[in-house]
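Data block below; observations after.
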Amino acid sequence: MTDARPAARVCVLGPAGRMGRSVLEAAAGRTDVRIVAAVSRPESGGHGTQVIDGVLASADLEAGLTVCDVYIDFTSPVATRAVAEHAARHRRAAVIGTTGLGPVEQAAIEQLARLAPIVVAANFSLGVNLVLGLVRQAARALGPEWDAEIVETHHRGKRDAPSGTALAIARAIATGHGVDYDSVKRHTRDGDVGARPRGEIGVSAVRGGDVIGEHTAYFFGAAERLEITHRATSRAIFAAGALRAAAWVVGKPPGRYDMLDVLGLQ
Ligand code: NAD
């Protein structure tokens with residue numbers, strides 16, 4: 001069956017970044033999206049460089065947001081906030097994958113979501129979104145008597161820790177336990193931290209080399225242990241998910257959606 005919808009016109013932020021490049025590559029093979037603009041950081045070089053046929057990298061955010069139906073953001077928290085505030089004036093749809101967002105950035109995103117449809121996800125891969133459902137189910141079935149811990153590994157260039165994906169997994173476990181994550185989280189252990197309290201959810205970050213992203217959720221029981229692991233071996237999976245989200249979100253009512261909505265798994 002062919003989709004009669006016209007291709008979604010996409011503006012990519014940070015075309016020279018790891019994810020920006022991956023999004024541009026992944027878009028080349030698709031008919032549901034068309035890259036129409038690429039906006040790079042004003043202070044960065046490379047403006048005027050051709051990123052794909054007929055599209056030059058530009059520092060002109062205003063022009064980029066004007067010609068697109070939806071923008072894709074894998075940048076930094078500072079940029080995500082500034083662009084969301086700008087996009088709110090255009091009521092522009094968005095796909096936001098930047099992680100490490102604090103309350104101020106989240107508020108800017110929520111404000112945009114009141115005016116336009118947006119998809120926000122710490123991880124755009126199908127596998128990780130299935131993991132979110134699996135760990136919630138495991139936590140519900142096993143209860144806090146099984147100690148839940150998450151270990152995530154990423155390349156040396158990653159700035160935020162723990163990863164947004166690890167936090168999403170931790171929150172899904174807390175939901176399965178029926179508790180507020182912030183009241184049970186443990187992000188670092190150093191020194192005499194005492195015995196592990198029941199119900200604590202620990203998250204540890206490992207950094208090195210060129211690891212694209214690995215997450216393991218451990219459930220430690222008495223004399224048995226369950227491990228749910230996801231390993232990404234290419235950024236193409238995140239890029240494909242973000243492009244699928246971009247095609248999906250155009251024309252939706254204003255609101256904040258996640259990848260489970262896009263995948264029809266909600
Ligand atoms: P990167 O540093 O390689 O790329 C970021 C790019 O954003 C750079 O090219 C930078 O110049 C550009 N940028 C910064 N400010 C900008 C602005 N104001 N306007 C336009 N461009 C701007 O980083 P990366 O590895 O591509 O990751 C970017 C973000 O995406 C990180 O937060 C990372 O954790 C996240 N990420 C999310 C997923 C996911 O599935 N949600 C997957 C991978 C990475």
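Just so it is clear, the values below take in all heavy atoms, side chains as well, and ignore hydrogens, waters and symmetry mates. Indexing begins at 1, ligand by ligand and atom by atom, following the structure's order.
- Contacts classified as salt bridge (charged side-chain N to carboxylate O under 4.0 Å, His left out) and involving residues 76-100 (residues at least two apart or in different chains) are given here: R81-E85.
- Between E25 and R235 there is no salt bridge, since no side-chain nitrogen of the basic residue lies less than 4.0 Å from a carboxylate oxygen of the acidic one.
- Evaluation of the salt bridge (Lys or Arg N to Asp or Glu O under 4.0 Å) rule for R30 yields D32 as partners, not counting sequence neighbours.
- The hydrophobic clustering, which links ILVMFWY residues whose side-chain heavy atoms are closer than 4.5 Å, places M259 and V33 together.
- Legend: residues meeting salt bridge (Lys or Arg N to Asp or Glu O under 4.0 Å) with R140, ordered by chain and number and at least two apart, are absent.
- With salt bridges taken as basic N to acidic carboxylate O contacts below 4.0 Å, none links R198 and E200.
- Within 4.0 Å of ligand 1, contacts by protein heavy atoms are made from G14, A16, G17, R18, M19, V39, S40, R41, F74, T75, A79, G97, T98, T99, A121, A122, N123, F124, K158, D160, F238.
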